[in-house]
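What follows is a set of notes on a single structure, which appears directly below.
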Amino acid sequence: MARATNPNELTDVSEAQIAVHWREEEYEQPSEKFKAQANMRDPRVFDRFTTDKFPDCFKEYAAMLTWFEPYKTVLDTSDAPFWKWFVGGKINASYNCVDRHLDTYRSKAAFIFVPEPESERDVVITYQELYDRVNEVAALLKGLGLKTGDRVTLHMPMIPELPITMLACARLGVIHSQVFGGFSGQACGSRIHDSRSRVLITTDGYWRNGTLVDHKANADIAVRTAKELGQDVDNVLIWQRYSGKSSGKTPLVAGRDVIINDLLKQYKGKKVEPVALPGEAPLFLMYSSGTTGKPKGVQHGVGGYLAYVTATSKWILDIHPDDVYWCMADIGWITGHSYIVYGPLANAATSVMYEGVPTFPDAGRPWRIAERLGVNIFHTAPTAIRMLRKLGPEEPRKYKYHFKSMTTVGEPIEPEAWRWYFDEVGKREAAITDTWWMTETGGFLGTTVPAIHPMKPGSCGPAAPGIHIVIYDETGKEVGKGSGRAGNICIRNPWPGIMQTIWGDRDRYVKTYFGKYNKNPRSKDWRDWPFMCGDGAVQAADGYYRILGRVDDVINVAGHRLGTKEIESACLTVPEIAEAAVVPVQDELKGRVPEVYIALKPGVKASQDVIDRVIKANEEVIGKIARPKHVYIVPDMPKTRSGKIMRRVLASISNRRDVGDVTTLANPDVVEHIRTMVQGKDPVATKAELPEDIAKFGQVE
Ligand code: WTA
């Protein structure tokens, strides 16, 4: 298999060669100015976090928090792999994010809320005001009978009442389960059922792309769905988008629905003592997709999680209290939990919260916000970067903001998009951290420490302190650095941010994350329990990791694995291309072959020439093995509300299957357009089952 020396040969290309075909990029160095001010700039920090110093090294993280009672055991492994961090200690997340800052920062902004309509003014919430509001909401929740250990489902958009509600829950030790606001009522309902929540907290409306969405309607569907599944909801608590006035048309259900803004009047000025919780008490659930259709309730615990996101916000995001930090993610995802709410607030940050779509009303919006508010740390995802680049490649130049650092998260970023982010958005001044991690891991795993390591476009970097990464092949053998071979990326050791379990499903937790590489299920030794992250990755000779995507997003062409991101990156080297998505298609001879969907930059006309050059780019950058069977030029990619491309839908179309239910997508109309283009006018789709790898393809997105 590994005979070929010429990567352009048709079939004689080894996995090793394929893996290295995303060309090694030049490093970029952080500026001296950035380094001089950084929270963590001592390369010897890694000496303090070697495996022989594990787990005590993480005392340094716990020390960044305020404990009501000190912990006795750093890591309890007695119920491996259900790790318990900082056992014996007593702590409260709400106290750490709010109360403890009052002495120094009471009149400093904790949040600056930017509504989507540009005609509306920002809402500034100081730490004192956050304290007042969190206390009142905690008193209200307590008044409804909620207590430590109860679960509450939140289905809220990006409005300040979301973090306020989360912190109020945390104050009481009530476990919050925030469902992304863009999810449907049904999706919310099934999560209510799984978590056994009796209370749903929602909003009457919010702005999205210029429309005031009637969100309460979703609550009715959610409650009905939960009931059908066997879970009753006693109360739906509704925040008003405009206090004192209704923003939706959906009527209240008597005896069940309560307007929080009205009820809060009874709790004006009320204070609630933060509950001193055990270090390992659960803090929240975050539902995430896995390889089955049933989302898993990823459970995070208060002490470990908070320590981890606090430390990584300080060292990796480099947040200082006098910075203005803006993470454009949605709090409905893990990035928002860890790096809009808990991590930044524990560091007394000033955090910008934007309600709406980054490109509303135009692609200059983020840069206007950054300029006006003096944002100096910016955090977003590759999908937003590509979108902003597509719609307004020169917009950043028009605004006088200056970022000292920027983050990218959520998917591999193609070097081409990275370069635009660095050159245009960051104006070559800002350090970029490409942070690789996932819902399950609480915080960053693979990343540079921005003042210590140079950046390499397309690679996340080495690892955060105390994260010991290993890549295993299918048989459990270590894949060495610089080998050019890809494998399953795992973490050798537990770390404080790691999930505690899957809510209500211990077996699934063990099986999903440890099943493949644990050899002794009875072992209490953490060394026997490497955590399988679910991504394919390759480690370059310099130690940097490049993430190839979920293991189920890999296309196996004639027995060779091709990272879909590598093919997409190759497509993006054609200058006219704005976005590219690759899906596996069944092929008689080769098993699977890739098909490519591309969206062009504005003003570019579709032509055979562009298609030819996409094919050529794949051949040149990767090899003929990556030659797509078809290249389709589409007006837009089918996308989720969070902006991720739904490759699964494209895979169904390419494989002549029914696309299934696409109503939850951001742009369902484009699906039929693409289907007709690929399958022809008359429906040819069958309901025949897809082979498992294709059926699961893109599911995690
Ligand atoms: C992918 C988001 C490449 C990865 C924080 C992971 C990334 C999945 C990166 C988790 C990155 C996240 N580079 N891929 N910097 N960050 N991913 O749970 O495939 O929504 O497994 O958490 O996103 O997605 P999740």
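For ligands, and for the atoms within them, numbers begin at 1 and follow the listed sequence. Only heavy atoms go into these numbers, but all of them, side chains included; no hydrogens, no water, no symmetry mates.
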Which bit of T439 gets closer than 4.0 Å to ligand 1, counting heavy atoms only: side chain, backbone, both or neither?
both
Are W495 and F531 close enough that their ring centers fall under 6.0 Å?
yes
Just checking Y339 against W333, ring centres under 6.0 Å apart?
no
I'd like to check which ligand 1 atoms, numbered from 1 as shown, lie under 4.0 Å from a non-hydrogen atom of D434.
11 (C), 13 (N), 15 (N)
Which ligand 1 atoms are under 4.0 Å away from a heavy-atom of P412?
3 (C), 13 (N), 14 (N)
Evaluating non-hydrogen atoms only, which member of G461, G410, P382 is closest to atom 16 (N) of ligand 1?
G410
In terms of atom number and element, which parts of ligand 1 are under 4.0 angstrom from non-hydrogen atoms of D535?
4 (C), 6 (C), 19 (O), 21 (O)
Ring centroid separation F284 to Y305 under 6.0 Å:
yes
Which residues pass the side-chain hydrogen bond (donor to acceptor under 3.5 Å, both in side chains) test with S177, sequence neighbours left out?
none
Any nitrogen or oxygen of T435, side chain or backbone, less than 3.5 Å from one on ligand 1?
yes
Aromatic centroids of W436 and Y545 separated by under 6.0 Å
no
Part of W437 within contact of ligand 1 (heavy atoms, under 4.0 Å)
both
